[in-house]
Amino acid sequence: MPRKAWGLTVLLLITLLVFAGLLALSWLRIRPATVPGEVVAGKRVWQKYGCVECHTILGNGGYVGPDLTHVAGSRQEKDLRRFLTTPARMRPHARRRHPPVKPTEVEALMAYFYFLDRLQVKGWPPRTVLETEISAPDPDQGTREGDQE
Amino acid sequence: MLRYLFAKLFSRLFHRQGEPTPGRPREYPSQGVAYPYALAAFLFFGIQSLVATAGALDQVIPDLPVPVPFEVGRSIHLNLAIFWPLLGAMGLAYYFFVAEAGTDLASRRLARGQFLIFTLILLLDLGALSLKLTEGREYLEAIPPLDWALVLASVIFAYNLGRTYLKHGVPRGRPTLLAFLLGAITLVAFFVPNLFFYPHPAADEIVKFWVVHLWEEGSLELVATAVLAAVLLAVLGEGRAAIEGALWLELFLVVASSILSTAHHYYWIGLPSYWMWIGGVFSGLQLVPILLLTFSAAKGFRRGRWRRLDPASKLSLAMVASSVFYHLTGAGLLGFTLAIPRLNLYAHGTYLTSAHAHLALFGAFGLMILAGSFYVLTRHLELSRAEGRRAWLGLALVNLGLVVMGGALALAGFLQAYLWRVVGGDFMEVQGLIRPYLGLRAAGGAFFAVGDLLLVWAILAPAWRQRHLFLRELAFWRA
Ligand code: HEM
Ligand code: HEM
Ligand SMILES: [Fe+2]
């Protein structure tokens, strides 16, 4: 292979190496191996129903329903449970209902939502004008949700 | 009317006299393996659009009795959005690799077998998703057995190109060949980690973008850049030295920027902040090869002997030109705007992303694949005058629909980001407020769908008349 071809291949390997190094740092930070079993079960439920087609998590997914990253921190636990098992009417539809999950799966799903709520997401979603006006500025960047009541 | 404008535009761009007609480039027997790939890309694109239109209408008309639930439709839509351009890209890589290597493929049989595996995967995937059998990961909805089959297909692809590259007498220094080869190898490398389940949601997102970003903006960007160069070389007979010089530069820049710019998907998923700096800087760098590509395409067009081209080549070039336009605007400029961390904080997870996704994944990438596929198919298919007209009208409608769709989504996204993310309105109420724009998007989508069905029809009808060509190319047991 001529020089340029080698050059391109080497450049590719170098950027991949740098990328891998940075990823390793991030990987150590999130420690994927330490996720509790209940949370993992919840993630499987989430994937089984394909909830991501209508909801975003960490901002990635579908835009039909609200982002659920911080749903556990912004709703009453019992309301959330009821919502998940007894299908409510799904706005803006008048007849169509929200897809339900089995009562046996709710526990795991809730664990997953609590886990998501506690992830350090660098102040996303941003603090909104309404939030700033209603409550005093909150130095802690914990649970915040744009669509509170 | 639009056709007239196009013709006018192009005669401006291409007017040059006293140059010889570019001879039809030599055809190698193994280039035929690309026909079924190209045809299938058109076909699955048509299916995707039909499902998409139903989904878009369902979004704006409450309780619309659509045959497929929204979540099923979207999973099909996203899976196809990744897969048909990939299928098409593989066919084109085979076609132009052979042309550039100046020798036949190492194995035609493998290339045909790979095609059959890939189409089978797609058909089974459509079936599985309709039955709600989903992996539940965005863009990677296909269930694991199909993913494994996809690995098999892409390994065959990389192996076949690699073997051909190593054949005696191949000009290994050609940048086109290297781009196809590196694209093929990295396709496999980035996909394999996605065969597994990740218990941590952030880890899942990290790995998912090795396909959603590294495939589209890395591997396939290499392939698309090389296809563009090869089309310019083949259709316009442009000077090789000039095209190769620009291509090398583009490839170096794509490689330098695309891997690390994956960072622009890592801002808010629970990772350290260094990704924001890296994402901002390397997304900026991504603009440079895109500008270069635009520039070299424009130069190629200007030098081309437009008037002497056959109608099908003209149409292919019009598609290439459309693709380059969306590459610059929808992928490059809009993408870079979204990649600025301060702006992404508000734009992330809104319809602004959707605007970019459609303009980039279809506008820049899909259209380039369709352009190449159209070129490949029409080397042998005779299009009647009516079919030619239909294709032009189709392309015009696709462009019109895409611009309306992208614009409407960008407006909807902007309002959504402002009312929901900045002001703090309730998500569902904001959703109600932006419904008119989503309606406009559905209208744009409908134009788009009508246009692409015309285009698909213009290809399928002659393909059916001359079906023996394709059937022959499907017999993978024959050498
Ligand atoms: C042909 C090239 C490109 C394709 C096919 C493409 C495709 C996509 C797709 C499909 C998404 C949606 C991902 C999701 O749903 O989460 C996306 C998001 C994004 N793209 Fe691109 N893109 C291209 C080029 C670019 C470029 C050149 C840039 C920057 C310079 C860019 C920046 C972004 C950013 C920042 C996002 C994330 C938006 C968000 O926060 O959700 N893209 N791209
Ligand atoms: C008939 C034309 C089309 C229509 C009506 C349409 C409609 C839709 C709808 C309703 C969604 C769901 C989420 C949203 O509202 O954005 C979507 C998402 C998406 N579509 Fe399309 N689509 C069309 C064509 C295409 C094509 C040709 C491609 C690429 C090859 C594509 C790629 C995507 C992607 C990547 C997403 C995910 C965007 C995101 O999550 O941000 N679409 N589309
Ligand atoms: Fe990206």
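In what follows, chains are A, B, ... by sequence order, proteins preceding strands, each numbered from 1. Since the structure is predicted, the reported quantities are computational estimates derived from the model, not experimental observations.
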message = Between B:E205 and A:L58, is the side chain to side chain contact (heavy atoms under 4.5 Å, CB included) condition met? List the steps.
response = CA-CA 9 Å; B:E205 294 297 318; A:L58 303 169; 4.1 Å; yes
Could you report the tightest heavy-atom contact between [X] and [Y], atom names first, then the distance?
X: A:K122; Y: B:L271; result: CE-O, 3.0 Å
X: A:W27; Y: B:A203; result: CH2-CB, 3.6 Å
X: A:P125; Y: B:R421; result: CB-NH1, 3.1 Å
X: B:P272; Y: A:R29; result: CG-NH1, 3.3 Å

If you count heavy-atom pairs under 4.5 Å between each of [options] and chain A, which one has the most?
options: B:A263, B:G270, B:A179; answer: B:G270
options: B:L78, B:T186, B:T353, B:T350; answer: B:T350
options: B:T134, B:I269, B:L438; answer: B:I269

Exercise for the section: Please work out whether the ring planes of B:H200 and A:F115 are parallel, tilted or perpendicular, with thresholds of 30° and 60°. Expected result: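 The rings of B:H200 and A:F115 stand perpendicular, inter-plane angle above 60°.
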TODO: Identify, with sequence neighbours excluded, every residue that meets ring-ring contact (aromatic ring centres under 6.0 Å, His included) alongside A:Y63.
DONE: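 ring-ring contact (aromatic ring centres under 6.0 Å, His included) list for A:Y63, sorted by chain: B:Y351.
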Point to revise | With sequence neighbours excluded, residues passing ring-ring contact (aromatic ring centres under 6.0 Å, His included) with B:H264 | key: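 For B:H264 the ring-ring contact (aromatic ring centres under 6.0 Å, His included) partners, ignoring immediate neighbours, are B:H213.
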_Checking an interface table here. Which of residues 103-110 of chain A come within a heavy-atom distance under 4.5 Å of chain B?_
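When heavy atoms of chain B are the reference, residues 103-110 of chain A contributes no residue within the under-4.5 Å range.
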Filtered by a 4.5 Å non-hydrogen cutoff, the part of residues 83-95 of chain A contacting chain B is A:R91, A:P92, A:H93, A:A94, A:R95
Side chain, backbone, both or neither: which part of [X] has a heavy atom under 4.5 Å from chain A?
X: B:Q59; value: side chain
X: B:L182; value: side chain
X: B:T262; value: side chain
X: B:R174; value: neither
X: B:L214; value: side chain
X: B:F252; value: both
X: B:E71; value: both
X: B:W268; value: both
X: B:F190; value: side chain
X: B:L345; value: both
X: B:Y418; value: neither

Interface moiety of [X] toward chain B, non-hydrogen atoms closer than 4.5 Å:
X: A:I14; result: neither
X: A:V35; result: side chain
X: A:K4; result: both

Side chain to side chain contact (heavy atoms under 4.5 Å, CB included) evaluation trace for B:W420 with A:T128
CA-CA 8 Å; B:W420 174 42; A:T128 63; over 6 Å; no
Cation-pi check, B:K132 onto A:Y49 ring (under 6.0 Å, within 45° of axis) |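 Judged by the rule (NZ or CZ under 6.0 Å from the ring centre, within 45° of its axis), B:K132 is not positioned above A:Y49.
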| query | Any cation-pi pair here, B:R137 with A:W46, using under 6.0 Å and within 45°? | reply |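 The answer is no, since B:R137 fails at least one limit relative to A:W46.
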_side chain to side chain contact (heavy atoms under 4.5 Å, CB included) for A:Q47 and B:D204? Distances and angles first, verdict last._
CA-CA 11 Å; A:Q47 289 185 210; B:D204 197 337; 3.5 Å; yes
Here the gap from A:L22 atom CG to B:I278 atom CD1, rounded to the nearest 0.5 Å, amounts to 4.5 Å
Answer key: most heavy-atom pairs under 4.5 Å with chain B among A:L119, A:L116, A:L12, A:T56 is A:L12
**Asked** Is there a side chain to side chain donor-acceptor pair (under 3.5 Å) between A:S26 and B:Y266 once you walk through the steps?
**Response** CA-CA 10 Å; A:S26 295; B:Y266 291 171; over 6 Å; no
Walk me through whether A:N60 and B:Y139 qualify under side chain to side chain contact (heavy atoms under 4.5 Å, CB included).
CA-CA 11 Å; A:N60 292 325; B:Y139 298 98; over 6 Å; no
Check your understanding: Is a side-chain N or O of A:K43 found less than 3.5 angstrom from the main chain of B:Y198, in a donor-acceptor match?
Key -> yes
